[in-house]
Participant: 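Quick one: this structure, given as structure tokens, is what I'll be asking you about.
Note: hydrogens, waters and symmetry copies are ignored here, and every other heavy atom, side chains too, is used.
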Amino acid sequence: QAASCRDHNGSLMRLEASGTARTFVYVHPRAVLRRAGVRRGTVLFNGRKRGNSYVGTARRYSKFCPGSPLNYGVSGPISNGQTKVTVRGERPVHRRCSPTGDIAYDTLVFTYSHRC
């Protein structure tokens with residue numbers, strides 16, 4: 001098993017790795033996410049390492065839907081000598097917990113910060 005801390009969009013994350021399983025959890029979520037109910041230990045991504053990429057499920061949290069994150073598929077490469085993970089995926093757009101019929105494309109970048 002291995003754990004490293006990563007920066008993601010102003011939040012401190014922990015990457016938990018066991019075999020090919022990978023999970024990014026919040027260590028210190030930024031303020032807007034705390035208002036959406038995100039706390040230390042909340043999962044943002046879980047999936048698998050396949051070759052030099054990650055494939056799995058990301059979650060989008062909203063203050064309008066506390067406790068009901070939107071789950072969507074993502075995948076993408078590991079780069080910069082294993083210090084950067086970039087996953088992308090498309091998700092349905094919701095407004096106050098209701099789908100709008102639109103699609104958004106998200107990119108999540110996790111950059112190595114330190115061992116944790």
Side-chain angles (χ1 to χ4, degrees):
Q1 288 193 348
S4 64
C5 281
R6 309 283 176 129
D7 175 71
H8 168 66
N9 201 23
S11 293
L12 183 62
M13 311 293 299
R14 183 176 67 248
L15 169 60
E16 298 173 347
S18 180
T20 61
R22 297 293 186 270
T23 304
F24 283 107
V25 298
Y26 286 95
V27 173
H28 185 71
R30 59 193 177 109
V32 67
L33 293 170
R34 289 192 302 270
R35 290 191 292 275
V38 174
R39 302 288 178 252
R40 181 183 187 92
T42 299
V43 174
L44 175 59
F45 168 90
N46 67 309
R48 299 245 171 245
K49 181 178 187 255
R50 289 196 185 143
N52 203 35
S53 65
Y54 283 17
V55 177
T57 302
R59 288 156 188 80
R60 185 166 179 93
Y61 296 91
S62 168
K63 68 180 181 180
F64 300 109
C65 311
S68 298
L70 174 65
N71 298 309
Y72 60 102
V74 294
S75 63
I78 305 164
S79 59
N80 292 349
Q82 306 286 318
T83 62
K84 184 177 179 183
V85 175
T86 305
V87 292
R88 294 178 175 88
E90 65 178 50
R91 62 171 172 81
V93 174
H94 284 73
R95 196 165 286 26
R96 296 185 183 259
C97 298
S98 297
T100 65
D102 293 331
I103 298 292
Y105 299 91
D106 280 353
T107 300
L108 290 74
V109 179
F110 303 92
T111 306
Y112 179 81
S113 174
H114 60 282
R115 293 281 307 155
C116 50

Participant: Applying the 4.5 Å side-chain criterion to the ILVMFWY set and letting contacts propagate, would V93 and V32 be lumped into a single cluster?
Facilitator: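 As far as the 4.5 Å side-chain criterion goes, V32 and V93 are not connected within one cluster.
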Participant: Are side-chain heavy atoms of L33 and S11 found at a separation under 4.5 Å?
Facilitator: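 With C-beta onward as the side chain, the pair touches.
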Participant: Taking the inter-plane angle between the rings of F110 and F45 on a 0 to 90° scale, is it parallel (under 30°), tilted (30 to 60°) or perpendicular (over 60°)?
Facilitator: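 Tilted: the ring planes of F110 and F45 meet at 30° to 60°.
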Participant: For R88, is there an ion pair with D106 - N to carboxylate O distance below 4.0 angstrom?
Facilitator: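 No, no charged N to carboxylate O under 4.0 Å.
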Participant: Run through the side-chain heavy atoms of Ile, Leu, Val, Met, Phe, Trp and Tyr, join any pair under 4.5 Å, and report what else lands in I103's cluster.
Facilitator: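 Y105, all in the cluster of I103.
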Participant: What I'd like to find out is whether the side chain of H28 reaches to under 4.5 Å of the side chain of R34, using heavy atoms alone.
Facilitator: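 A side-chain contact under 4.5 Å exists here.
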Participant: Examine distances only and state if a side-chain atom of K49 and a backbone atom of G51 form a donor-acceptor pair shorter than 3.5 Å.
Facilitator: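 Yes: the side chain of K49 pairs with the backbone of G51.
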Participant: Is it true that I78 and V109 fall in one hydrophobic cluster, defined by side-chain heavy atoms closer than 4.5 Å?
Facilitator: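 I78 and V109: separate clusters.
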Participant: Do V55 and R48 have side chains that get closer than 4.5 Å, going by heavy atoms?
Facilitator: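 Contact flag for V55/R48 side chains = no.
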Participant: Hey, does N9 have a side-chain heavy atom less than 4.5 Å from the side chain of R30?
Facilitator: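 Yes - at least one pair of side-chain heavy atoms lies under 4.5 Å apart.
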Participant: Given side-chain contact (heavy atoms from CB on, under 4.5 Å), test Q82 with N52 step by step and report yes or no.
Facilitator: CA-CA 9 Å; Q82 306 286 318; N52 203 35; 3.4 Å; yes
Participant: V27: which residues meet the side-chain contact (heavy atoms from CB on, under 4.5 Å) condition with it, sequence neighbours left out?
Facilitator: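 So V27 forms a side-chain contact (heavy atoms from CB on, under 4.5 Å) with L12, R14, R40.
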Participant: Over all heavy atoms of both residues, which pair between L70 and H94 is shortest? Give the atoms and the distance, please.
Facilitator: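 For L70 and H94, the tightest heavy-atom pair comes out as CD1-CE1, 3.5 Å.
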Participant: Considering only heavy atoms from C-beta outward, does the side chain of R6 approach that of S113 to under 4.5 Å?
Facilitator: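 Not touching, per the 4.5 Å side-chain cut-off.
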Participant: Could you report the tightest heavy-atom contact between V87 and G76, atom names first, then the distance?
Facilitator: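 What the structure gives for the nearest pair is CG1-N, 3.8 Å.
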Participant: Determine whether the side chains of N46 and R59 contain a donor N or O and an acceptor N or O closer than 3.5 Å.
Facilitator: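 R59 and N46 do have a side-chain donor-acceptor pair below 3.5 Å.
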Participant: Going hydrophobic residue to hydrophobic residue with side-chain gaps under 4.5 angstrom, can you get from V85 over to Y72?
Facilitator: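 Same hydrophobic cluster.
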Participant: Apply side-chain contact (heavy atoms from CB on, under 4.5 Å) to V43 and T23, showing your working.
Facilitator: CA-CA 7 Å; V43 174; T23 304; 4.0 Å; yes
Participant: Which heavy-atom pair separates R35 from K63 by the least distance, and what is that distance?
Facilitator: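 Here R35 and K63 meet closest at O-CB, 3.6 Å.
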Participant: First locate atom OH of Y112, then atom CG of L15, and finally report the distance between them rounded to the nearest 0.5 Å.
Facilitator: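 Atom-to-atom, Y112:OH and L15:CG are 10.5 Å apart.
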Participant: Can you find a heavy atom in the side chain of L44 that is under 4.5 Å from one in the side chain of L108?
Facilitator: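 Yes - at least one pair of side-chain heavy atoms lies under 4.5 Å apart.
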Participant: Tell me, do E16 and R22 make a side-chain contact under 4.5 Å, heavy atoms counted?
Facilitator: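 They are not in side-chain contact.
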Participant: Spell out, as yes or no, whether a donor-acceptor pair under 3.5 Å connects the side chain of S4 to the backbone of H114.
Facilitator: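 Judged by distance alone, no pair lies under 3.5 Å.
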